[in-house]
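Structure first, commentary second.
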Amino acid sequence: MGLASAACAVAPSPLVFTVAVSVSAVANSCGVELAQATLADAHAHDRARALARWTFFGAIGDVAAPVMVAGLALLGFGWRGGFAVMAVVLVAWSVLLARAPFPAPSGTW
């Protein structure tokens, strides 16, 4: 997701941008679904509360992202700046995540 966002930020043509956004969308879908399933499994005793928090913080992100891009546009960075910031955050987050231990499988299906 981070690399695709970086590719969006530096895309030299609409075709390259389209491909980068498409890759980003697929990576985002896979990452979000895996994270949501892991969260639900980690809180099997209280899934409803965990997923309600997921939804709440997702809504905050849905509002904060356009506000951030608007702020970057006001500062003269435009939409490319938004993709660049997103790429840096995603790459940093993936480095932290790669170092974190994953929970053991619960064994329940």
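What's counted below: heavy atoms across the whole structure, side chains too, no hydrogens, waters or symmetry copies. Remember, it's a predicted structure, so these values are computed and weren't measured experimentally.
Under the rule for a side-chain contact (heavy atoms from CB on, under 4.5 Å), the partners of A7 that lie at least two apart in sequence or sit in another chain are A20.
Other members of the cluster containing V21 are M1, F17, W79, F83, M86, L90, with ILVMFWY side chains joined at under 4.5 Å, either directly or via other members. Applying the under-4.5 Å side-chain rule to Ile, Leu, Val, Met, Phe, Trp and Tyr, the cluster around L15 consists of that residue alone.
Expressed to the nearest 0.5 Å, how far OG of S94 lies from CG of L3 amounts to 8.0 Å.
Nearest approach of G2 to V91, heavy atoms of both residues: CA-CG2, 4.0 Å.
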With a 3.5 Å cut-off and sequence neighbours excluded, list the donor-acceptor pairs that the side chains of residues 48-57 form with protein atoms.
residue, atom, partner, partner atom, Å
R49, NE, D46, OD2, 2.9
T55, OG1, L51, O, 3.0

Hey, can you pull the donor-acceptor pairs under 3.5 Å for the side chains in residues 24-37, sequence neighbours left out?
residue, atom, partner, partner atom, Å
S29, OG, A25, O, 3.0

Residues 61-73 side chain polar contacts: donor-acceptor under 3.5 Å, at least two apart:
none

